[in-house]
Amino acid sequence: MSGPTTLSGPGADLHARGVRYALASFVDLHGVCKAKAVPLDHLGAMLTGSELFTGAALDGVPQDVSDDEVAAVPDPASAMVLPWRPDTVWFASDLQLAGRPFEACSRTILRRATEQAAAMGLRFNLGVETEFFVLRRAADGGLQPASASDRLDKPCYDLRGLLDNLGWLDELVQAMNALGWGVYSFDHEDGNGQFETDFGYAEALVTADRVTFFRLMAREIARRHGLIASFMPKPFADRTGSGAHFNMSLADLGSGENLFTPDDGQPGWVSELGRQFIAGILRHAPAICAVIAPTVNSYKRLVVQGSMSGFTWAPVFICFGNNNRTNMLRIPGAGSRVECRAADSACNPYLAAAMLLAAGLEGIREGLDPGDPNLVNAYRLSPEECSARGLHALPRTLGEAIEAFAADPLSRRVFGDAMADAYIAFKRDEWSSYHGAVSAWETDRYLELF
Ligand code: GLU
Ligand code: MG
């Protein structure tokens, strides 16, 4: 395993470390990496944008087949030598077209939002909790937890389950730490076969790069153990889903001081600036939901109970509050940050962070007030109590969410027209493709009912 990479001249130390290939990587609409590999001798050219791509071949890189290619311009600061393949180095890239930023590039979209924060003297700090399943394909084609003994009804924090999986987990955590991410804990999550690895927060662009790389790395390390790492939000109806809780705060750009620390030092809360940030997100929550919970399957996670015995721990209402996990926006016990619990592991972290940040900044600019926090178990509120408290439900389907995204002017402001149009078209199509399929649930229920 190798430490974090700094480039002093194209490839100088990389060559000495035995690196032979460099990847100019960027993401499609799903946040999945696309790249070209170049031999290290060509790194200098690659860093200036030599690698060209036809956007029309990808989801959500809106281009016509006849358009000029986009160029991936790697960010040298993002370099990561693949811990499982130390002869190859990965770079997160921004896309350019004809020498100018490509408006619809996910990383550029987040960069634009962070530049708006910077213009207000703010830095967006972000930590993302990565929940995911690690599964084994059984002989009959079914999916089982990685370890056969992982069968408890309540496997959360189960030590035996953790130890049984320590082989691949240890490899993953070592790899994360070799990259300098500062893992501070990892555990067995609430579903059989489900795990979470938590690492230090950083500036949003760095964290989005890491989450992107993490999915690639977890998948690869699991694969080497004959396992499947899945970031599908809700693979099993009777188990909890995989959230990607976004822990957010704004710091003073100059001093680095956390500006969400409560003004009166009151523990477990956030400052007035933090409350305004919350209010901006609440205002745009339905549109944001289409990006932080981006799939048909995401909405099967955002339920109270489903067919499982316990709760899902996923939010269902547009609300904020204290350390209570039923809130969409939770202020964890230590305070000074806001955790968005509606985000799931399938989100494109650049687009998700950009929407959340832009909405929060709007709340600050307009001095919005989020109202009273929700301090009760939102899962137990009756519809009457919800309306008395002015609580609205999060979108219940991708169809509802994408229409909210299409109707909210924030979406275009953040994504730009081309990417907003591409996102809306892709997600409407995803929803109608799902809606057009007849599922086993329907035939089981209706075929002979009437
Ligand atoms: N897995 C839950 C979710 O879908 C969250 C559990 C937790 O609080 O860590 O969001
Ligand atoms: Mg968790």
Side-chain angles (χ1 to χ4, degrees), residues 128-138 140-170 172-173 176 183 185-199 211 214-215 217-219 221-223 225-247 292-316 324-328 330 332 339-347 377-379 394 440-441:
V128 176
E129 300 169 39
T130 49
E131 294 183 347
F132 58 110
F133 280 83
V134 175
L135 304 166
R136 182 182 299 285
R137 181 79 67 188
D140 66 358
L143 290 168
Q144 294 172 347
S147 138
S149 58
D150 194 345
R151 290 168 192 270
L152 296 179
D153 281 348
K154 293 199 175 224
C156 201
Y157 314 128
D158 185 50
L159 179 56
R160 285 174 298 186
L162 187 74
L163 294 175
D164 286 349
N165 285 277
L166 209 48
W168 66 264
L169 257 172
D170 170 50
L172 180 61
V173 170
M176 296 163 81
V183 175
S185 77
F186 55 102
D187 65 354
H188 195 299
E189 252 295 341
D190 202 28
N192 304 109
Q194 192 185 31
F195 298 86
E196 174 172 332
T197 54
D198 293 322
F199 53 99
V211 171
F214 177 80
R215 292 196 291 222
M217 182 159 73
R219 179 182 178 281
I221 289 174
R223 197 179 68 82
H225 288 260
L227 302 168
I228 299 165
S230 175
F231 293 86
M232 180 176 176
K234 184 86 171 179
F236 307 100
D238 60 353
R239 300 181 207 167
T240 48
S242 288
H245 304 160
F246 273 47
N247 289 270
I292 63 178
T295 69
V296 164
N297 182 252
S298 299
Y299 295 84
K300 301 188 174 181
R301 168 178 164 259
L302 298 176
V303 297
V304 172
Q305 216 160 9
S307 57
M308 53 206 300
S309 52
F311 290 107
T312 61
W313 310 102
V316 287
N324 140 25
R325 285 176 165 76
T326 63
N327 284 307
M328 174 197 170
R330 164 184 177 235
E339 177 193 58
C340 176
R341 298 177 61 79
D344 70 45
S345 288
C347 73
N377 180 346
Y379 290 167
L394 280 162
W441 182 93

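- Evaluation of the ring-ring contact (aromatic ring centres under 6.0 Å, His included) rule for Phe195 yields Trp168, His188 as partners, not counting sequence neighbours.
- Judged by distance alone, the side chains of Thr326 and Asn324 do bring a donor and an acceptor atom under 3.5 Å apart.
- In this structure, the side chains of Lys234 and Thr312 come closer than 4.5 Å at one or more pairs of heavy atoms.
- When every heavy atom of Ile221 is checked against every heavy atom of Leu172, the shortest pair comes out as CD1-CA, 3.8 Å.
- Contact of the Glu129 side chain with the Asn247 side chain is registered, since non-hydrogen atoms from C-beta on lie closer than 4.5 Å.
- Listed here is the closest heavy atom pair of Ala342 and Leu302: O-CD2, 4.0 Å.
- A distance-only check finds a donor-acceptor pair linking the side chain of Asn192 to the backbone of Asp150 [under 3.5 Å].
- Under the side chain to side chain contact (heavy atoms under 4.5 Å, CB included) criterion, Arg341 pairs with His245, Trp313, Pro315, Arg325, Arg330, Glu339, sequence neighbours left out.
- Every residue was checked against the side chain to side chain donor-acceptor pair (under 3.5 Å) condition with Arg137, not counting sequence neighbours, and none meets it.
- Atoms CG and CZ, on Asp344 and Phe132 in that order, are 15.0 Å from each other to the nearest 0.5 Å.
- Taking Phe236 as the reference, Phe133 meet the ring-ring contact (aromatic ring centres under 6.0 Å, His included) condition, with sequence neighbours excluded.
- What you find for Ala346 and Pro294 is that their closest heavy atoms are O-CG, 3.6 Å.
- Residues satisfying the salt bridge (Lys or Arg N to Asp or Glu O under 4.0 Å) criterion with Glu196, sequence neighbours excluded, are absent altogether.
- To the nearest 0.5 angstrom, Met176 atom CE is 5.0 Å from Phe199 atom CZ.
- In this structure Asp187 satisfies the side chain to side chain donor-acceptor pair (under 3.5 Å) test with no other residue, sequence neighbours excluded.
- Partners of Gln194 by side chain to side chain donor-acceptor pair (under 3.5 Å), not counting sequence neighbours, listed by chain and number: Thr240, Ser242.
- Every residue meeting the side chain to side chain contact (heavy atoms under 4.5 Å, CB included) condition with Asp158, not counting sequence neighbours, appears here in chain and number order: Leu152, Arg160.
- Interatomic distance, CG of Asn297 versus CE of Met232, reported as 3.5 Å (0.5 Å rounding).
- For the pair Thr130 and Asp198, the tightest heavy-atom approach, listed with the atom from each and the gap, is N-OD1, 4.2 Å.
- At a threshold of 4.5 Å between non-hydrogen side-chain atoms, the residues Phe186 and Leu166 count as touching.
- At least one side-chain heavy atom of Thr197 sits under 4.5 Å from a side-chain heavy atom of Phe214.
- Across every non-hydrogen atom of Gly243 and Ser345, the tightest pair is O-OG, 3.1 Å.
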Side-chain atoms of residues 140-149: list all donor-acceptor pairs with protein atoms under 3.5 Å, sequence neighbours left out, distances to 0.1 Å.
| unit_1 | atom_1 | unit_2 | atom_2 | d |
| --- | --- | --- | --- | --- |
| Asp140 | OD1 | Gly142 | N | 2.8 |
| Ser147 | OG | Ser149 | N | 3.4 |
| Ser147 | OG | Ser149 | OG | 2.9 |
| Ser149 | OG | Asp164 | OD2 | 2.6 |

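- Residues passing the ring-ring contact (aromatic ring centres under 6.0 Å, His included) test with Tyr379, sequence neighbours excluded: Phe311.
- Of the possible polar contacts, none joining the Arg301 side chain to the Pro235 backbone as a donor-acceptor pair under 3.5 Å is found.
- Of all heavy-atom pairs spanning Ala293 and Tyr299, the tightest one is O-OH, 2.8 Å.
- Not counting sequence neighbours, the partners of Arg223 by the salt bridge (Lys or Arg N to Asp or Glu O under 4.0 Å) test are Glu220.
- A search for side chain to side chain donor-acceptor pair (under 3.5 Å) contacts involving Ser230 returns nothing, not counting sequence neighbours.
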